[in-house]
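Reviewing the structure listed below.
Computation of the quantities below employed the complete heavy-atom set of this structure, encompassing side-chain atoms and omitting hydrogens, waters and symmetry-equivalent molecules.
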Amino acid sequence: MRSGFVAVAGRPNVGKSTLVNALVGEKIAIVSAIPHTTRRRIFGVANGDDWQLVLVDLPGFQRPIDALTHRMQRTVDQSFDDIDLVLFVVDCRGRIGAGDRFIARRVFALGKPVIIVVNKVDRLKPAHVVTQMKAAATLGDFHALHPVSAKTRDGVDELRDDLVSLLPEGEPHFPREMATDQSTTERIEEIVREKALQLTREEVPHALTVQLDELEEGRVRAFILVETESQKGILVGKKGATVREIGTRARPEIEALLGGKVFLELVVKVRPKWRRDERTLERLGL
């Protein structure tokens with residue numbers, strides 16, 4: 001049996017969570033176009049007949065600006081302690097530059113095998129993909145370099161086979177029926193947050209979080225927390241239109257997760273400066 005942990009590293013918004021979902025084979029991490037969507041460390045578990053691949057989805061590397069982002073970066077740093085290899089993701093549609101090289105210095109210094117993924121190759125001309133792969137190849141002494149589209153799953157199976165080949169021999173770390181270490185509460189909170197991110201822009205997505213208040217048979221109640229009254233007004237929307245739309249988008253995924261119909265109630269609340277308050281972040285599990 002092969003079993004091990006793979007840290008998924010890269011700049012914000014390069015498609016790390018989408019890639020983790022593709023490798024696991026189901027959605028276990030929310031995705032959006034907003035940088036720093038991933039705030040916690042998430043384990044995604046993929047199983048084969050004689051292997052278990054545990055993907056460690058991490059927040060993107062960043063320069064901390066408040067208590068929340070300090071905790072996110074600390075999570076990234078600490079998560080490299082007990083991993084077996086690194087999946088280093090770069091964006092084929094963006095410039096491979098200083099930010100990628102900074103992360104490369106960190107991950108290649110671990111002394112673990114590193115696989116570089118050039119993600120988002122779909123709808124790009126082959127010549128552009130080749131150019132980006134050549135740029136990625138200069139980042140360090142990698143084990144392999146894979147062009148992939150996590151969105152369309154092109155190259156994902158080949159990447160998974162390569163990752164599995166590098167896993168050490170050992171017993172599974174999670175039961176085979178588990179796809180993630182997240183609790184049901186955390187998954188519901190993240191589903192609601194994902195839908196709120198889809199409907200907001202500028203500062204609002206970074207200032208919001210979700211806290212589950214009630215989870216009973218057929219009923220879910222959650223608070224969407226923001227920092228100012230103006231942000232609350234944006235999330236509520238005219239005559240409650242925006243928060244209703246968040247609920248409309250979130251309900252089908254929550255029902256699929258819970259296995260039945262639910263009444264979903266969302267309440268927008270103001271919690272000033274929650275991103276800067278260590279006790280609040282601790283209570284929210286961030």
Side-chain angles (χ1 to χ4, degrees), residues 1-11 14-31 38 40-61 75-92 100 103-121 133 136-137 139-183 186-187:
M1 181 86 186
R2 291 182 178 273
S3 179
F5 291 86
V6 180
V8 185
R11 289 184 295 109
V14 295
K16 297 185 297 296
S17 294
T18 304
L19 183 58
V20 168
N21 291 339
L23 287 164
V24 171
E26 67 176 271
K27 182 179 177 180
I28 58 97
I30 68 170
V31 296
T38 301
R40 301 181 175 104
R41 182 184 65 182
I42 296 171
F43 289 152
V45 185
N47 290 287
D49 291 338
D50 57 356
W51 55 266
Q52 183 178 84
L53 182 65
V54 184
L55 297 140
V56 188
D57 189 17
L58 300 170
F61 275 78
T75 294
V76 174
D77 293 334
Q78 293 173 346
S79 295
F80 288 124
D81 291 342
D82 299 307
I83 55 99
D84 298 294
L85 55 144
V86 178
L87 192 56
F88 180 17
V89 186
V90 299
D91 185 351
C92 195
D100 298 295
I103 298 168
R105 288 192 294 271
R106 177 76 170 89
V107 299
F108 283 104
L110 296 171
K112 307 286 186 178
V114 177
I115 290 181
I116 300 178
V117 168
V118 181
N119 191 26
K120 305 184 185 181
V121 301
M133 289 184 68
L139 292 171
D141 186 15
F142 56 89
H143 167 80
L145 182 63
H146 285 263
V148 164
S149 170
K151 184 177 180 181
T152 65
R153 296 185 55 83
D154 285 346
V156 168
D157 290 340
E158 294 84 354
L159 172 62
R160 185 191 294 110
D161 290 344
D162 210 357
L163 290 168
V164 169
S165 73
L166 293 173
L167 294 177
E169 292 186 357
E171 294 300 311
H173 297 281
F174 292 93
R176 293 184 63 86
E177 65 274 11
M178 283 185 64
T180 180
D181 66 322
Q182 297 173 95
S183 67
E186 289 170 335
R187 295 186 76 174

If you measure from [atom1] on [X] to [atom2] on [Y], what distance do you get to the nearest 0.5 Å?
| X | Y | atom1 | atom2 | answer |
| --- | --- | --- | --- | --- |
| Ile116 | Leu139 | CD1 | CG | 5.0 Å |
| Ile30 | Arg187 | CD1 | CZ | 12.0 Å |
| Thr18 | Lys151 | OG1 | NZ | 9.0 Å |
| Asp162 | Leu145 | CG | CG | 10.5 Å |
| His143 | Leu163 | NE2 | CG | 8.5 Å |
| Phe174 | Asp181 | CZ | CG | 5.5 Å |

Residue pair [X] / [Y]: nearest heavy atoms and the distance that separates them:
| X | Y | result |
| --- | --- | --- |
| Gly155 | Val148 | O-CG2, 3.7 Å |
| Val156 | Ala22 | CG1-O, 3.9 Å |
| Ser3 | Gly170 | CB-O, 3.7 Å |
| Val118 | Cys92 | CG1-CB, 3.5 Å |
| Asp84 | Pro113 | O-CD, 3.5 Å |
| Pro168 | Gly4 | CD-CA, 4.4 Å |

Do [X] and [Y] touch side chain to side chain, with heavy atoms closer than 4.5 Å?
| X | Y | result |
| --- | --- | --- |
| Asp57 | Leu19 | no |
| Val24 | Leu55 | yes |
| Ile115 | Leu166 | yes |
| Val117 | Leu159 | yes |
| Val8 | Leu58 | no |
| Phe5 | Asp82 | no |
| Leu53 | Arg160 | yes |

Polar side-chain atom of [X] near backbone of [Y] as donor-acceptor pair, under 3.5 Å:
| X | Y | result |
| --- | --- | --- |
| Asn21 | Ile28 | yes |
| Asp50 | Met1 | no |
| Thr180 | Phe43 | yes |
| Gln52 | Arg2 | no |
| Asn119 | Val14 | yes |
| Asn47 | Arg176 | yes |

request  = Inspect the contact between Arg11 and Asp100 and indicate whether a charged nitrogen and a carboxylate oxygen are less than 4.0 angstrom apart.
outcome  =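 Salt bridge present between Asp100 and Arg11.
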ask   = Would a line drawn from the ring center of Phe142 to the ring center of Phe108 be shorter than 6.0 Å?
value =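 Distance test on ring centres: not under 6.0 Å, no.
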CD/Glu171: more than 12 non-hydrogen atoms of other groups inside 6.0 Å =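 No, because the 6.0 Å sphere around CD of Glu171 holds 12 heavy atoms or fewer from other groups.
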ask   = Does CD belonging to Glu169 count more than 12 external heavy atoms closer than 6.0 Å?
value =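 Open: at most 12 neighbouring heavy atoms sit under 6.0 Å from CD of Glu169.
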key: Intermediate values then yes/no, side chain to side chain contact (heavy atoms under 4.5 Å, CB included), Thr38 and Lys16   = CA-CA 9 Å; Thr38 301; Lys16 297 185 297 296; over 6 Å; no
